[in-house]
Amino acid sequence: MDLSYFYTFKEVARWGSYTRTGEELGYAQSSVTTQIKKLEEHYHVKLFERVGQRMRLTQSGEELLYYVQQVLSLMEEAEGKLSQTSRMRGTLRIGTVESLAAYFITGTVKLFKEKNPDMRIQLESGLCPNLLEGILESHYDLAVVLDEQINHPHLKSIPLRREKMVMVAPPNHNLANQEKLDVKLLQEETLILTEKDCSYRKALENLIKEKGIQARSIISFTSLEAIKQCVVDDLGIAMLPEMTVKQDLEIGRLARLDFDYDDFGMMIQLVYHKKKWLSPALQEFIKLMVDK
């Protein structure tokens with residue numbers, strides 16, 4: 001069995017598309033189709049079924065994917081151990097949240113690339129629960145998340161620092177000059193929040209629920225920039241990681257509200273599978289993140 005078929009199979013499972021897989025691997029779509037057919041003929045099962053515009057794994061496909069991930073992981077481990085004395089090559093797959101991708105991790109990625117020009121960095125953003133699932137399913141080598149301290153039997157978490165969450169409003173907002181903003185005042189405000197599974201949105205919602213209050217209305221966006229612009233346009237107030245609004249506060253584009261929960265924050269942490277073999281490249285990236 002040609003191992004390249006396993007790589008192709010894994011990518012089709014990931015993207016749900018022969019065309020996208022071909023683009024990612026540099027193959028013609030017909031080559032992808034042929035490789036999947038050869039796998040199906042070899043195992044005498046159907047691996048994918050079409051659902052709408054996507055290719056979805058059958059039960060047999062899901063079973064094969066589990067073993068393919070183990071095989072490819074062992075191959076990567078062998079390659080890494082046998083080539084530790086040579087220049088590092090390969091792909092480092094990192095998942096993170098939008099705020100960290102934009103304001104925290106890029107400097108480390110740039111430094112790592114400068115030191116290891118032959119390494120390919122595959123950086124994807126998502127919500128923390130999806131990133132942790134991606135680690136468990138071997139979709140990512142490492143995740144950099146912003147969440148409460150991760151405690152999971154199969155995951156290793158390395159805390160980097162605690163990021164303060166700040167409440168922001170337009171500079172002319174009536175609460176901008178108030179000392180010690182009582183959380184109960186939020187019931188008179190429109191909250192502009194991130195997606196429902198976002199860690200700091202959940203923390204804020206839990207807080208106001210504990211206080212028995214409900215915001216006047218809620219607006220949700222997936223984009224941090226969209227949230228900040230809505231606040232600037234006086235559509236509501238928002239709670240965001242301090243790093244994402246630091247410059248806006250300095251130039252007076254946003255005002256920081258004196259929220260009376262000084263310890264309200266989330267932990268920036270590296271997360272990987274406890275059984276994950278840490279290649280030299282992964283070890284170096286982790287060290288750069290810890291030392292930053």
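Since this is a predicted model, take the numbers as computed values, not measurements. Atoms considered below: every heavy atom in the structure, side chains included; atoms not considered: hydrogens, waters and symmetry mates.
- You'll find the side chain of Leu92 stays beyond 4.5 Å of the side chain of Gln122, heavy atoms only.
- Ionic pairing of Arg201 and Glu205 is present here: one or more N-O contacts between side-chain nitrogen and carboxylate oxygen are shorter than 4.0 angstrom.
- Across all their heavy atoms, Leu278 and Gln283 have their closest contact at O-NE2, 2.8 Å.
- With sequence neighbours excluded, no residue satisfies ring-ring contact (aromatic ring centres under 6.0 Å, His included) with Tyr140.
- Once rounded to the nearest 0.5 Å, the distance linking CE of Met167 with CG of Leu185 reads 10.5 Å.
- The minimum heavy-atom distance between Ile135 and His273, with the atom names listed, is CG2-N, 3.5 Å.
- Two residues are said to be in side-chain contact when any heavy atoms from C-beta on lie closer than 4.5 Å; Met239 and Val166 fail this criterion.
- Going from atom NZ of Lys196 over to atom CD1 of Ile218 covers 8.5 Å, rounded to the nearest 0.5 Å.
- Take Glu40 and apply the salt bridge (charged side-chain N to carboxylate O under 4.0 Å, His left out) test, not counting sequence neighbours, and it matches no residue.
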Test side chain to side chain donor-acceptor pair (under 3.5 Å) on Thr8 and Gln35; report intermediate values, then the result.
CA-CA 7 Å; Thr8 301; Gln35 291 184 35; 2.6 Å; yes
Side chain to side chain donor-acceptor pair (under 3.5 Å) between Glu148 and Ser199: does it pass, once the steps are laid out?
CA-CA 8 Å; Glu148 300 290 354; Ser199 57; over 6 Å; no
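- Distance alone, capped at 3.5 Å, is enough to place a donor-acceptor pair between the Asn206 side chain and the Lys202 backbone.
- Looking at residues two or more places apart in sequence or on another chain, you find a ring-ring contact (aromatic ring centres under 6.0 Å, His included) between Phe48 and Phe9.
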Evaluate the side-chain contact (heavy atoms from CB on, under 4.5 Å) criterion for residues Val12 and Ile36: first the C-alpha distance (whole Å), next the side-chain angles of each, then the deciding distance (0.1 Å), finally the verdict.
CA-CA 9 Å; Val12 175; Ile36 298 302; 4.2 Å; yes
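- Annotation: Lys209, atom NZ; neighbour count of heavy atoms from other residues, nucleotides and ligands within 6.0 Å does not exceed 12.
- In terms of the side chain to side chain donor-acceptor pair (under 3.5 Å) criterion, residue partners of Arg20 (sequence neighbours excluded) are, by chain and number, Glu24.
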Can you check side-chain contact (heavy atoms from CB on, under 4.5 Å) on Val168 and Glu242, steps first, answer last?
CA-CA 10 Å; Val168 292; Glu242 187 174 38; over 6 Å; no
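- In this structure Arg120 satisfies the side chain to side chain donor-acceptor pair (under 3.5 Å) test with no other residue, sequence neighbours excluded.
- Of the inter-residue distances, the one linking Thr21 atom OG1 with Met55 atom CE reads 10.0 Å to the nearest 0.5 angstrom.
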One pair to check against side-chain contact (heavy atoms from CB on, under 4.5 Å): Phe285 and Val109. What are the steps and the verdict?
CA-CA 8 Å; Phe285 187 84; Val109 171; 4.1 Å; yes
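- For the pair Met266 and Val145, the minimum side-chain heavy-atom distance is 4.5 Å or more.
- In this structure, Glu163 contributes its side chain and Met243 its backbone to a donor-acceptor pair below 3.5 Å.
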For the pair Asp147 and Gln269, evaluate side chain to side chain donor-acceptor pair (under 3.5 Å) and give the outcome as yes or no after the intermediate values.
CA-CA 8 Å; Asp147 205 340; Gln269 51 202 303; 5.9 Å; no
Pair up each side-chain donor or acceptor in residues 246-253 with any protein partner under 3.5 Å, not counting sequence neighbours, and list the distances.
{"residue": "Asp248", "atom": "OD1", "partner": "Arg253", "partner atom": "NH1", "Å": "2.7"}
{"residue": "Asp248", "atom": "OD2", "partner": "Lys228", "partner atom": "NZ", "Å": "3.0"}
{"residue": "Arg253", "atom": "NH2", "partner": "Gln229", "partner atom": "OE1", "Å": "2.8"}

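- When every heavy atom of Ala176 is checked against every heavy atom of Pro170, the shortest pair comes out as CB-O, 4.4 Å.
- No path of Ile, Leu, Val, Met, Phe, Trp and Tyr side chains, each step under 4.5 Å between heavy atoms, connects Val144 with Leu127, placing them in separate hydrophobic clusters.
- Partners of Lys113 by salt bridge (charged side-chain N to carboxylate O under 4.0 Å, His left out), not counting sequence neighbours: none found.
- Two residues are said to be in side-chain contact when any heavy atoms from C-beta on lie closer than 4.5 Å; Cys128 and Asp197 fail this criterion.
- Counting heavy atoms from C-beta outward, Ile219 and Phe221 have side chains that approach closer than 4.5 Å.
- Under a 4.5 Å side-chain heavy-atom cut-off, the cluster of Ile, Leu, Val, Met, Phe, Trp and Tyr residues that includes Met267 has no other member.
- Shown here is Lys292, whose NZ atom has more than 12 heavy atoms of other residues, nucleotides or ligands within 6.0 Å.
- Counting heavy atoms from C-beta on, the side chains of Ile286 and Ile158 come closer than 4.5 Å.
- Every side chain to side chain donor-acceptor pair (under 3.5 Å) that Gln29 has, sequence neighbours left out, goes to Thr19.
- Ring orientation note: the planes of Phe6 and Tyr43 are close to parallel, at an angle under 30° on the 30°/60° scale.
- Counting only distance, with no hydrogens or angles, the side chain of Ser138 and the backbone of Gly134 share no donor-acceptor pair below 3.5 Å.
- Residues that satisfy the salt bridge (charged side-chain N to carboxylate O under 4.0 Å, His left out) test with Glu98, not counting sequence neighbours, are absent from this structure.
- The local environment of NZ in Lys156 is sparse, with at most 12 non-hydrogen atoms from other residues, nucleotides or ligands closer than 6.0 Å.
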Begin with the C-alpha distance, continue with both residues' side-chain angles, and end with the deciding distance and a verdict on side chain to side chain donor-acceptor pair (under 3.5 Å) for Thr96 and Ser125.
CA-CA 5 Å; Thr96 190; Ser125 65; over 6 Å; no
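- A distance of 11.5 Å separates CG of Leu39 from OG1 of Thr34, quoted to the nearest 0.5 Å.
- Between the side chain of Ser217 and the backbone N or O of Thr190, no donor-acceptor pair lies under 3.5 Å.
- When the ring-ring contact (aromatic ring centres under 6.0 Å, His included) test is applied to Tyr200, no partner is found at least two apart in sequence or on another chain.
- Ile150 and Ser157 make their closest contact through O-CB, 3.9 Å (heavy atoms, listed as atom of the first residue, atom of the second, distance).
- Contact record, Leu282 with Asp141: CD2-O, 4.1 Å, taken as the closest heavy-atom pair.
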Could you go through Arg216 and Glu188, starting from their C-alpha distance and side-chain angles, then the distance that decides it, and tell me whether this counts as side-chain contact (heavy atoms from CB on, under 4.5 Å)?
CA-CA 5 Å; Arg216 183 174 62 185; Glu188 303 297 328; 5.7 Å; no
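- Leu132 has its side chain out of reach of Leu136: every pair of non-hydrogen atoms, C-beta onward, lies at least 4.5 Å apart.
- Using a 4.5 Å cut-off between side-chain heavy atoms of Ile, Leu, Val, Met, Phe, Trp and Tyr, with links allowed through other members, Leu131 and Trp15 fall into different hydrophobic clusters.
- Without hydrogens or angle criteria, Arg162 side chain to Gly265 main chain gives a donor-acceptor distance under 3.5 Å.
- The nearest pair of heavy atoms linking Ala13 to Leu57 is CB-CD1, 3.9 Å.
- Not one N or O on the side chain of Ser31 forms a donor-acceptor pair closer than 3.5 Å with the backbone of Tyr27.
- Listed by first and then second residue, the side chain to side chain donor-acceptor pair (under 3.5 Å) pairs involving residues 47-69 are Glu49-Arg56 (not counting sequence neighbours).
- With hydrogens and angles left out, the side-chain atoms of Ser220 and Glu195 include no donor and acceptor closer than 3.5 Å.
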